[in-house]
2 protein chains.
Amino acid sequence: MVPHDDGAFAPTTEDAPSSSGFLDDGKNTIGSQLASRLREAIISGELQAGSKINLDKARKTFNVSLSPLREGLARLISDGLVEFEDNRGYRVSSISLANLEEITTLREEFEVFALRESMRLGDVEWEGNVMRALHRLNRTERDAARPETLERWEELHREFHLTLISGCGKPILLHFCSLLLNLNDRYRRVFLTRTSGDRNVSQEHSEIAQGAVARDLDYACDMLRQHIHRTGTNLRNHLATKGTL
Amino acid sequence: MVPHDDGAFAPTTEDAPSSSGFLDDGKNTIGSQLASRLREAIISGELQAGSKINLDKARKTFNVSLSPLREGLARLISDGLVEFEDNRGYRVSSISLANLEEITTLREEFEVFALRESMRLGDVEWEGNVMRALHRLNRTERDAARPETLERWEELHREFHLTLISGCGKPILLHFCSLLLNLNDRYRRVFLTRTSGDRNVSQEHSEIAQGAVARDLDYACDMLRQHIHRTGTNLRNHLATKGTL
DNA sequence: ACTATCCAAATAATCGATTATCTGTCAAGG
DNA sequence: CCTTGACAGATAATCGATTATTTGGATAGT
């Protein structure tokens, strides 16, 4: 389901976050499957931030042996979703106001930089991918009453943002942005089940995308920065209100 | 030995890359020790870039069992030094001109940004740490004939750069910069055994550090950017010359 | 010759059991 | 009382053996 985050972040053959996978989206090893399931469990808030992960319980819950469990957890460490300490085990990464603010700031810096590079370097195929991702996202409704629509929307939203910057030709940068998006999505999934009333997010996305394919560098970058910033502000408010910190 | 790269990159208690560790620098678990040894082996070029890592051989070489071996390798994936594919195993990340250029570009962007933030936010203790790191670095000679001096210099150099930006108050950003530095060091260790004749690297470091503690934002950032850029250019030349790509 | 298919050796992944480490509790000594 | 140390249960780390997958080479069919 999740667009197959390539293991390390060295240049890979598979470039754009294509969702057109040839069947075989299936993760092969138990370790990989676990990584996906755990990632989803953490991002969705099912596994509470900051909580300890007891290996024995997890082993029983998922009905697997220790080796693949550790394997899966190890990958989430790369994602920044899990922390680890020798002989003390694993725990779900904490959330905090400071963490959220850093994520927002870094997204503003990195994602905007990556967008600029994409506009500078992206080819026609990139443009097409952007428009497709935009269309699919805008055609998808979020209905707070039906969790599966939220999940679907998140997936497409993530894909839109990654596609926007996928033309930058910088695999490491893409990897970093992908991590930040992951971390950010956790906050959104937990604290925002619907868009704040004063925003038209679809339109924001459209403005960014159209500016991007028109190569209007300053406009598109500015729109993206504002978009990220607004989301950060919303999340901060919700975190302050509902947060049990 | 290596300044204890904290597992995940969430806010940790231990902030500055202090080298004053209280005894107990020792990694506790076999997995951790392996991670260190493998990291050193890769960065030093002992393990050739792009080569496959045969688990059985590695198991015998290091005289350990599979579990901690995989554990150690998993951590190097986070570092970007090892790549992994389901059922195909691990391989040392490849090096390439494009990869080097991306690393250099991202260091210029992120490290400079982090330095600016450090100057904005860093306290007196940060200033002190910077001056100490500078002093220790400049007091250490690089002698191409004695590998242990190179290793020592690399360690202090890395620490200097990390200390410079350690005041930025952004753990994730620090983590990213640390990764980039790691990746960059591999190129330097493999391709540069001594400083290029037309540079006075000690002086470059001094200028950056002094600008930093004087809070001369534009000057320090400019010096750092040039410093990174020059290193990138040198490495590119050596890679083109000696590289066996 | 060329491709496709099947085998066997090589390699990776997983399991269950064992060993090492930690954590909290309780008793002895100050 | 408070501290210290030792014990036991809980938890993490490691091992050796087993199972699953891949890979390269041989074979058969076109």
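Just so we're clear, the structure is a prediction, and the values are computed from it rather than from any experiment. Order of the sequence lines sets the chain letters (A, B, ...), proteins ahead of strands, with each chain counted from 1.
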Nearest-Å distance for atom pair CG/P, residues B/Asn28 and C/dC22:
6 Å

Between A/Arg59 and A/Arg88, name the one whose nearest nucleotide on DNA chain C is closer to the 5' end.
A/Arg59

Could you give the CZ-to-C1' distance, from B/Phe62 to D/dC15, as a whole number of Å?
18 Å

Looking only at D/dT14, D/dT22, C/dT21, the nucleotide nearest the A/Asn87 side chain is C/dT21

In whole Å, what is the span from the CD1 atom of A/Ile30 to the P atom of D/dT18?
18 Å

Rounded to the nearest 0.5 Å, how far does OH of B/Tyr90 lie from CG of B/Asn54?
12.5 Å

Just checking A/Lys52: base, sugar-phosphate only, or nothing, at a heavy-atom cut-off of under 4.0 Å?
sugar-phosphate

Note: for A/Leu66 and B/Lys57 on DNA chain C, the residue whose nearest nucleotide lies more 5' is B/Lys57

Between P on D/dT14 and CD on A/Glu71, what's the gap in Å once rounded to a whole number?
14 Å

In whole angstroms, how far is the P atom of C/dA12 from the NZ atom of B/Lys60?
12 Å

Please answer whether the main-chain N or O of A/Leu173 pairs with a side-chain N or O of B/Glu102 as donor and acceptor at a distance below 3.5 Å.
yes

Is the shortest distance from a Lys or Arg side-chain nitrogen in A/Asp185 or A/Arg107 to a carboxylate oxygen in the other one below 4.0 Å?
no

Starting at atom CG of B/Leu55, determine the distance to atom P of D/dT22, rounded to an integer number of angstrom.
15 Å

Output the rounded distance in Å from CG (A/Asp86) to C1' (D/dT14).
13 Å

Options D/dT14, C/dT14, D/dT11, nucleotide nearest the side-chain atoms of A/Thr29:
C/dT14

Answer whether the closest heavy-atom distance between the side chains of A/Glu111 and A/Ile228 falls below 4.5 Å.
yes

Look at the side chain of A/Trp126 and the backbone N and O of A/Thr163, then say whether any donor-acceptor pair between them is shorter than 3.5 Å.
yes

Of the candidate nucleotides D/dT11, C/dA12, D/dC15, which contains the atom at the shortest distance from the side chain of B/Asn54?
C/dA12

To the nearest angstrom, the CD1-P distance between B/Ile53 and C/dA12 comes to 10 Å

